[in-house]
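Each ligand, and each atom within it, is numbered from 1 in the order the structure gives. For this chain, numbers begin at 1 and follow the sequence in order. All values below come from the heavy atoms of this structure, side chains included, with hydrogens, waters and symmetry mates left out.
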Amino acid sequence: MGATEIVTRFAPSPTGYLHLGHAYSALFAWHRARAAGGRFLLRIEDIDPTRCRPDFTEAILEDLAWLGLDWDGEVRVQSRHLPEYRATLDALSARGLLYPCFCTRADIAREIAASASAPHGPDGPLYPGTCRRLSSDERAARIARGEPHALRLDMEAALDGPLDFEEEGTRFACEPARFGDAVLARKDVPASYHLCVTHDDALQGVTLVTRGVDLRPATDLHRLLQSLMGWPQPRYAHHPLITDESGRRLAKRDRAATIRDLRAQGVSAAEVRRRAGEGNLPRAPSLF
Ligand code: GLU
């Protein structure tokens, strides 16, 4: 791979059919790679078996191909790589950066309600740190009893100097502490979005992470994980979210906007790309 090669990716979670907002996101990443003669990857982020379905994965591949998008190499399907995420968790654990958290949602809500201040981070109220204070004996005993637990990042232990990221030529300071002790492995899933996405962007050599601006806060935490793991630092481009006529953000529940439905109504791929806002995307002259 050349030092300047652009590698982008589209990384949908198969929890529903793609809508115009996804098409925009995919086209954004595809054009950024193709315009620079780079590579465009496709990754399926399906670690949550309660929300993700294989038939949605199939539909995503089909819809993207119908739209005329092509991707390089094999599609990476995260659920097939859980041992790799486990190895990252083990590495962080061995450095004392993770701790098991046995709290239920109700425990956390109770603790937060009882405390005078309840700071919020990008993913919701910050974890009050209950399980961070457990002794190692108690942790070991509860794990030995088979008590379900998540793994949280000990944010204070993990922070080590300032971090920033580059977006379209400008550097932005990161504040990962805003996430508090983030969950890196859930109770029900032995990994988490933040862990898998940074692991895979590094593994797959993604040099430009493109995604919706709603995920911009997550970049602060991702930079911390990259720094802890010694992974390369990609550049970032967070794009605006497309909205419907009333200015409402498109969501998977808005059936009318799915690519499937538009296709069933006889709308052409070129028209769907137009409606998804492809005309607003920067494109290389060679692609017109
Ligand atoms: N899988 C995430 C989603 O569908 C996107 C991950 C990313 O682009 O960082 O929202």
Side-chain angles (χ1 to χ4, degrees), residues 6-33 39-54 56-61 63-64 69 71 75-82 85 88 122-124 165-168 172 174 176 179 182-184 186 189 191-226 229 231-243 249-254 257-259 276:
I6 296 225
V7 182
T8 66
R9 64 5 177 229
F10 177 53
S13 299
T15 57
Y17 294 119
L18 296 185
H19 57 62
L20 288 175
H22 295 110
Y24 178 73
S25 198
L27 286 161
F28 187 97
W30 186 84
H31 278 293
R32 288 296 286 259
R39 284 185 296 136
F40 169 70
L41 312 178
L42 180 59
R43 182 164 77 225
I44 301 295
E45 302 208 325
D46 62 343
I47 55 165
D48 183 345
T50 62
R51 296 182 60 235
C52 299
R53 285 180 12 200
F56 287 138
T57 297
E58 287 308 310
I60 287 171
L61 303 191
D63 288 348
L64 291 175
L69 297 187
W71 50 88
V75 178
R76 181 170 171 93
V77 180
Q78 288 190 328
S79 60
R80 299 186 192 147
H81 299 279
L82 296 180
Y85 309 127
T88 304
D123 286 350
F165 68 88
E166 191 202 309
E167 170 133 24
E168 311 291 31
F172 294 91
C174 295
F179 282 83
V183 169
L184 294 192
R186 290 163 38 173
V189 178
S192 71
Y193 159 65
H194 298 303
L195 180 87
C196 299
V197 82
T198 39
H199 174 278
D200 286 357
D201 285 339
L203 179 88
Q204 297 187 283
V206 172
T207 61
L208 177 66
V209 171
T210 66
R211 59 186 170 207
V213 73
D214 55 326
L215 286 170
R216 196 172 193 271
T219 299
D220 289 15
L221 180 55
H222 299 178
R223 286 287 302 113
L224 176 61
L225 296 175
Q226 287 156 2
M229 292 304 297
W231 288 331
Q233 179 182 163
R235 291 184 297 121
Y236 290 86
H238 296 99
H239 59 71
L241 302 175
I242 69 165
T243 53
R249 184 183 152 186
L250 295 178
K252 283 175 182 157
R253 61 180 176 275
D254 299 324
T258 70
I259 314 286

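Evaluated for a side-chain hydrogen bond (donor to acceptor under 3.5 Å, both in side chains) with Q204, the options R76, R39, R43 yield exactly one hit, R43.
Side chain to side chain, Y193 and D123 fail the donor-acceptor criterion of an N or O pair below 3.5 Å. No side-chain donor-acceptor contact under 3.5 Å links T210 and R9.
Applying the 4.0 Å criterion to heavy atoms of R9 picks out, from ligand 1, the atoms 7 (C), 8 (O), 9 (O). Close approach of ligand 1 to E45 (heavy-atom distance below 4.0 Å) involves ligand atoms 1 (N), 2 (C), 5 (C), 6 (C). Residue S13 approaches ligand 1 through these ligand atoms, each under 4.0 Å from one of its heavy atoms: 1 (N), 2 (C), 3 (C), 4 (O). Atoms of ligand 1 lying under 4.0 Å from at least one heavy atom of V197, given by number and element, are 9 (O).
Taking a cutoff of 4.0 Å between a charged side-chain nitrogen and a carboxylate oxygen, R216 and E167 qualify as a salt bridge.
When only interatomic distances are considered, the shortest N/O to N/O separation between L215 and ligand 1 does not fall below 3.5 Å. Taking any N or O of T210, backbone or side chain, none lies under 3.5 Å from an N or O belonging to ligand 1.
With a 6.0 Å cutoff to the six-membered ring centre and a 45° limit on the axis angle, R51 does not count as a cation-pi contact of F56.
For F28 and H238, the ring centers sit 6.0 Å or farther from each other.
Heavy atoms of F10 come nearer than 4.0 angstrom to ligand 1 in no pair at all.
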